[in-house]
Amino acid sequence: MPAKASQPIAQPTARPIVCYVTDRKSLPGDKSASALFDKIRAAAAAGVDWVQIREKDLPARELLALVRDAVALGSVRPGSIRPGSMQIIVNDRLDVALAAGAAGVHLGHSSVPAREVVRWCRAGNAPADFLVGVSCHSLEGAQEAKSAGASYTYFGPIYETPSKIPFGRPHGAEELAQVAKAVRIPVIAIGGVNEANAAECIRAGAAGIAAIRMIQDASDVVALKKAIEAIHGLR
């Protein structure tokens, strides 16, 4: 029997989700957690909906402090999606996500199986609206995520991007559309997605987009805010 989703998110959402996936190692100069937090604060000011803190090498204590500070920026009930909120999702570290009051955990290809995480969370060990997301790179992977009870899935890479080279060729908007149509959980497009091609992803059925460089490399918060507002207006 498929696991019950940790938090059902209606699809399509009222507006496309814009997620900032962090990567402090690609920051110019200062690569500290403090410098990354400045980027998260700028992303919050620009209006991102989710921040996935993906800092696999940070010591637990430092990661916990970073996530707690990021959660305080959003100060909205975990799992909610509404204008003005910013949800913090932690890569892999379920313990840190729960301890910091984050909205959810995101699982990659080498993480604990989503089915086990969902089952554990739904057994009363996490808030009822705690999100469990999964990265996938194929239609079969997305279907498995849905069957496991995942709240949402990332699908990509959609376009060419340095960070996703290990995961194979770009899938493109056509495959994205096939995945979005086939599964009944939100599909977030990732991999080379930016303000120029986000509309193609949303037209293909994506519930939103996730990006590193589009957000982290932005030097003008005002321009980034306008780009995010334009994505929010798509559907």
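Residue numbers run from 1 in the order of the sequence given. The structure presented is a predicted model; accordingly, all values stated were derived computationally and were not measured.
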What do the steps show when you test Trp120 against Val132 for side-chain contact (heavy atoms from CB on, under 4.5 Å), and what is the final call?
CA-CA 11 Å; Trp120 186 86; Val132 178; over 6 Å; no
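Using a 4.5 Å cut-off on side-chain heavy atoms (C-beta onward), Leu131 and Trp50 make contact. Side-chain contact between Gln178 and Glu175 is present, with at least one heavy-atom pair separated by less than 4.5 Å. Within the 4.5 Å cutoff, the side chain of Phe130 has heavy atoms near those of the Leu94 side chain. For the pair His171/Val179, no side-chain contact is recorded, criterion being any heavy-atom separation below 4.5 Å from C-beta on. Within the 4.5 Å cutoff, side-chain heavy atoms of Asn194 are placed close to those of Asn197. Between Lys39 and Leu27 there is a side-chain heavy-atom pair separated by less than 4.5 Å. When side chains are defined from C-beta on, Ser135 counts as touching His106, because their heavy atoms get closer than 4.5 Å.
Here the closest heavy-atom approach between residue Ala204 and residue Ala173 is recorded as CB-O, 3.6 Å. Taking every heavy atom of both residues into account, Pro16 and Ile202 meet most closely at CB-CD1, 3.7 Å. Residue Ala70 comes nearest to Ile53 through the heavy atom pair CB-CD1, 3.9 Å, listed as atom of the first residue, atom of the second, then distance. When every heavy atom of Pro127 is checked against every heavy atom of Leu98, the shortest pair comes out as CD-CD2, 3.9 Å. The two atoms that bring Val112 and Leu107 nearest to each other are O-CD1, 3.8 Å, heavy atoms only. When every heavy atom of Ala100 is checked against every heavy atom of Val67, the shortest pair comes out as CB-CG1, 3.4 Å.
Considering CD1 of Ile188 and CD1 of Ile17, their distance stands at 4.0 Å, rounded to 0.5 Å. Considering CD1 of Ile40 and CZ of Arg24, their distance stands at 11.0 Å, rounded to 0.5 Å. Separation of atoms CG (Asp57) and CG (Leu63) is listed at 9.5 Å; rounding is to 0.5 Å. Distance CG/Leu58 to CG/Leu64: 11.0 Å, rounded to 0.5 Å. For the atom pair Ser147 OG and Ile185 CD1, the distance stands at 10.0 Å (nearest 0.5 Å). Annotation: the span from Gln52 atom CD to Gln87 atom CD amounts to 14.0 Å, rounded to 0.5 Å.
Scanning for side chain to side chain contact (heavy atoms under 4.5 Å, CB included) contacts around Ala199 gives Arg203, Leu234, with sequence neighbours left out. When the side-chain hydrogen bond (donor to acceptor under 3.5 Å, both in side chains) test is applied to Glu144, the partners found at least two apart in sequence or on another chain are Arg115. Here Cys136 pairs with Ala142, Thr153, Phe155 under the side chain to side chain contact (heavy atoms under 4.5 Å, CB included) rule; sequence neighbours left out. Among residues two or more places apart in sequence or in another chain, the side chain to side chain contact (heavy atoms under 4.5 Å, CB included) test is passed with Ser32 by Asp30, Ser34, Ala35.
Checking side-chain atoms of Asp69 against main-chain N and O of Leu66 turns up no donor-acceptor pair under 3.5 Å. A distance-only check finds no donor-acceptor pair linking the side chain of Asp49 to the backbone of Cys19 [under 3.5 Å]. Between the Thr22 side chain and the Arg54 main chain, a donor and an acceptor come within less than 3.5 Å of each other. Side-chain N or O atoms of Asp38 include none that pairs as donor or acceptor with a backbone N or O of Arg41 at under 3.5 Å.
Identified under the salt bridge (charged side-chain N to carboxylate O under 4.0 Å, His left out) test for residues 95-105, with sequence neighbours left out: Arg93-Asp95.
Residue Lys181 qualifies as open at atom NZ: its count of foreign heavy atoms under 6.0 Å is 12 or below. Summarising the local packing, CD of Glu229 is surrounded by more than 12 heavy atoms from other residues, nucleotides or ligands at distances under 6.0 Å.
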Listing, residues 206-227 side-chain donor-acceptor contacts under 3.5 Å, not counting sequence neighbours, or none:
unit_1, atom_1, unit_2, atom_2, d
Arg213, NH2, Thr161, OG1, 3.1
Gln216, OE1, Tyr20, OH, 2.5
Gln216, OE1, Asp23, N, 3.2
Gln216, NE2, Asp23, O, 2.7
Gln216, NE2, Ser26, OG, 2.8
Asp220, OD1, Val222, N, 2.9
Asp220, OD1, Ala223, N, 3.1

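Residues Val134 and Val90 do not share a hydrophobic cluster, defined by chaining ILVMFWY side chains whose heavy atoms lie under 4.5 Å apart.
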